[in-house]
Amino acid sequence: MVKYNAYQEMLDVLDDAAEKLGLELSDYTALRHPERELKVAVPVEMDDGTLRVFSGYRVQHSSSRGPCKGGIRFHPGVNIDEVKALAAWMTWKCAVVNIPYGGAKGGIEVEPSELSARELSRLTRRYTAAILPLLGPERDIPAPDINTDARIMGWIMDTYSMFKGYSVPSVVTGKPLEIGGSLGRKEATGRGVSIVADEIAFRAGISMQKARIAVQGFGNVGGTVARIFYEKGYKIVALSDKDSALYNEKGLNIDEIFAYVEVNKTLKGYIGKGVQEITNEELLTLDVDILVPAAIENQITKEIADKVKAKIIVEGANGPTTTEADKILNEKNIIIVPDILANAGGVVVSYFEWVQNLQAIFWDEHEVNTMLKRIMIRSFDEVYDISKSKGFSMRLSAYMVALNRVVMAKKIRGIFP
Ligand code: NAD
């Protein structure tokens with residue numbers, strides 16, 4: 001079996017989109033290579049006095065359309081190919097929703113749950129210092145991703161500001177509100193996913209009020225999607241995290257599950273009326289109308305795709321579906337709203353946060369959510385229309401929109417020198 005390589009997966013779709021756009025290799029070959037890749041060693045003094053050295057990365061894929069933008073992930077599975085892929089997906093994501101950014105991503109190979117808060121702070125600050133030459137409001141602006149949150153973004157903002165000698169809130173997004181974060185940022189990715197889910201269900205003639213929905217992942221993205229759906233009265237029949245998956249054909253009580261996770265930090269051990277524990281694989285292959293993978297990449301593999309029964313997949317996570325699986329799902333006429341469109345809400349509101357920081361003003365939450373909705377629906381319509389008129393999948397259509405914008409920007413700027 002060929003080993004999964006997230007960057008190769010990205011290149012396969014890119015080449016396909018380029019061919020459909022009638023591009024020559026020379027038109028986009030530079031975009032097959034990230035502009036910059038930095039690997040850093042991050043020594044951290046642990047609370048018991050020992051020293052551990054962690055591997056960290058920051059990759060800038062493209063700055064053709066503006067400063068590089070992308071999250072930072074703390075996870076034991078982080079590796080350079082994953083970070084490169086995530087950085088490239090950020091380029092396409094920012095282009096598909098047409099915000100003036102290029103793409104970047106960073107990560108540290110670490111299991112953060114094993115670290116104390118002080119160790120986590122030292123790790124974050126040392127990593128920030130190590131990648132400092134790449135960062136800046138006009139250069140590269142990090143944000144949260146798997147296992148990173150507002151508190152960690154606050155530490156990044158503080159570390160960068162200490163080196164500068166003055167406060168620079170615009171160097172990072174997803175910060176706490178008290179130091180320049182934006183209202184609505186925490187929920188933005190999940191909110192965006194819910195907006196496109198409503199749009200695609202409407203187009204496919206599926207009533208969300210009657211739909212059976214499964215969500216993989218119960219973190220920032222999956223948890224928010226579940227909460228928004230639940231508040232709208234939609235029925236979530238299955239939900240999972242890395243430890244467990246829950247199923248109730250009558251619908252799960254999301255409020256109760258949030259209360260359980262608040263205390264226990266995991267879905268494992270939750271007992272609710274009519275709830276049974278299933279595996280993550282079973283969740284992905286349930287007979288549902290809408291499946292929202294919102295955990296991590298490489299979940300819907302070829303083997304899983306054969307068994308997927310969902311009518312629609314809305315990709316909350318980045319890269320949850322492999323290229324091989326994508327082909328199978330397309331043959332089965334399963335509609336996929338691809339990651340670079342579906343989960344773009346996070347970077348859209350990150351952009352709003354950056355704009356607010358640069359202008360030193362604050363928008364209210366209604367303004368943020370209204371603008372987010374406008375951009376998500378505009379982008380969805382654009383991709384959907386190409387998909388319908390040309391008969392391509394929504395993934396290919398989204399890549400075509402994105403690639404076209406980035407190639408145009410590159411062409412207009414020209415190659416230096
Ligand atoms: P998070 O750390 O808040 O949550 C991740 C969730 O996935 C947790 O519930 C975890 O238990 C679960 N999980 C991890 N591995 C799993 C596995 N193998 N099987 C089942 N569940 C598993 O992270 P997040 O911010 O919600 O990010 C989730 C996905 O969404 C990632 O792919 C991320 O890149 C993408 N994303 C996040 C944002 C954002 O703003 N946070 C924006 C765009 C895309």
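These numbers come from the heavy atoms of this one structure, side chains and all, not from hydrogens, waters or symmetry mates. First listed ligand is number 1; within each ligand, the first listed atom is number 1.
By heavy-atom distance, the residue among Ile340, Asn220, Leu267, Leu283 lying nearest atom 41 (N) of ligand 1 is Asn220. Nearest residue to atom 28 (C) of ligand 1 from Gly192, Gly217, Ala295 is Ala295 (criterion: closest heavy atom). By heavy-atom distance, the residue among Asn147, Leu239, Asn298 lying nearest atom 2 (O) of ligand 1 is Asn147. One option in Lys242, His75, Lys105 has a heavy atom closer to atom 16 (C) of ligand 1 than any other, and that option is Lys242.
For ligand 1, the atoms closer than 4.0 angstrom to any heavy atom of Arg73 are 31 (C), 32 (O), 33 (C), 34 (O). Which parts of ligand 1 touch Asp241 is read off a 4.0 Å heavy-atom cut-off, strictly below it: atoms 9 (O), 11 (O), 20 (C), 21 (N), 22 (C). Applying the 4.0 Å criterion to heavy atoms of Thr189 picks out, from ligand 1, the atoms 38 (C), 39 (C), 40 (O), 42 (C), 43 (C). When each atom of ligand 1 is checked for a heavy atom of Gly316 under 4.0 Å away, the hits are 30 (O), 35 (C), 44 (C). Atoms of ligand 1 lying under 4.0 Å from at least one heavy atom of Gln216, given by number and element, are 19 (N), 20 (C).
Side-chain contact check for Ser240 and Gln216: no donor-acceptor pair (N or O, by modelled atom type) lies under 3.5 Å. Side-chain contact annotation: Tyr270 with Glu256, donor-acceptor N/O pair under 3.5 Å present. Under the 3.5 Å distance criterion, with hydrogens and angles disregarded, a donor-acceptor pair is assigned to the side chains of Thr173 and Lys69. There is a side-chain donor-acceptor pair under 3.5 Å between Lys93 and Asn343. Side chain to side chain, Tyr260 and Asn253 fail the donor-acceptor criterion of an N or O pair below 3.5 Å. Checking Asn79 against Tyr57 by side-chain atom types alone, no donor-acceptor pair falls below 3.5 Å.
Residues Leu252 and Leu246 approach most closely at CD1-O, 3.9 Å, considering heavy atoms.
Residue-ligand proximity: Arg185 is placed with a non-hydrogen atom under 4.0 Å from ligand 1.
Residue-level proximity to ligand 1 for Val221 is carried by backbone and side chain together, each with a heavy atom below 4.0 angstrom. At a 4.0 Å heavy-atom cut-off, ligand 1 does not touch Ala188 at all.
The shortest N or O to N or O distance between Gly219 and ligand 1 is below 3.5 Å. Any N or O atom pair closer than 3.5 Å counts here, and Leu86 shares no such pair with ligand 1. In terms of polar-atom proximity, defined here as any N/O pair under 3.5 Å, Glu297 makes no such contact with ligand 1. Annotation: Asn318 places an N or O atom under 3.5 Å from an N or O atom of ligand 1; distance criterion only.
In this structure a side-chain-to-backbone donor-acceptor pair under 3.5 Å is present from Asn5 to Tyr7.
From the protein, the heavy atom lying nearest to atom 9 (O) of ligand 1 is Phe218 N, 2.9 Å. Given atom 33 (C) of ligand 1, the protein heavy atom at minimum distance is Asp145 OD1, 3.2 Å. Atom 27 (O) of ligand 1 has Ile146 CG1, 3.7 Å as its closest protein atom, hydrogens excluded (heavy atom only).
Of the candidates Trp89, Trp92, Tyr101, His61 forms a ring-ring contact (aromatic ring centres under 6.0 Å, His included) with just one, namely Trp92.
Taking CG of Leu396 as the reference point, atom CG of Asp16 lies at 5.0 Å (rounded to 0.5 Å).
In this structure, Lys39 places its NZ atom where only 12 or fewer heavy-atom neighbours from other residues, nucleotides or ligands lie under 6.0 Å away.
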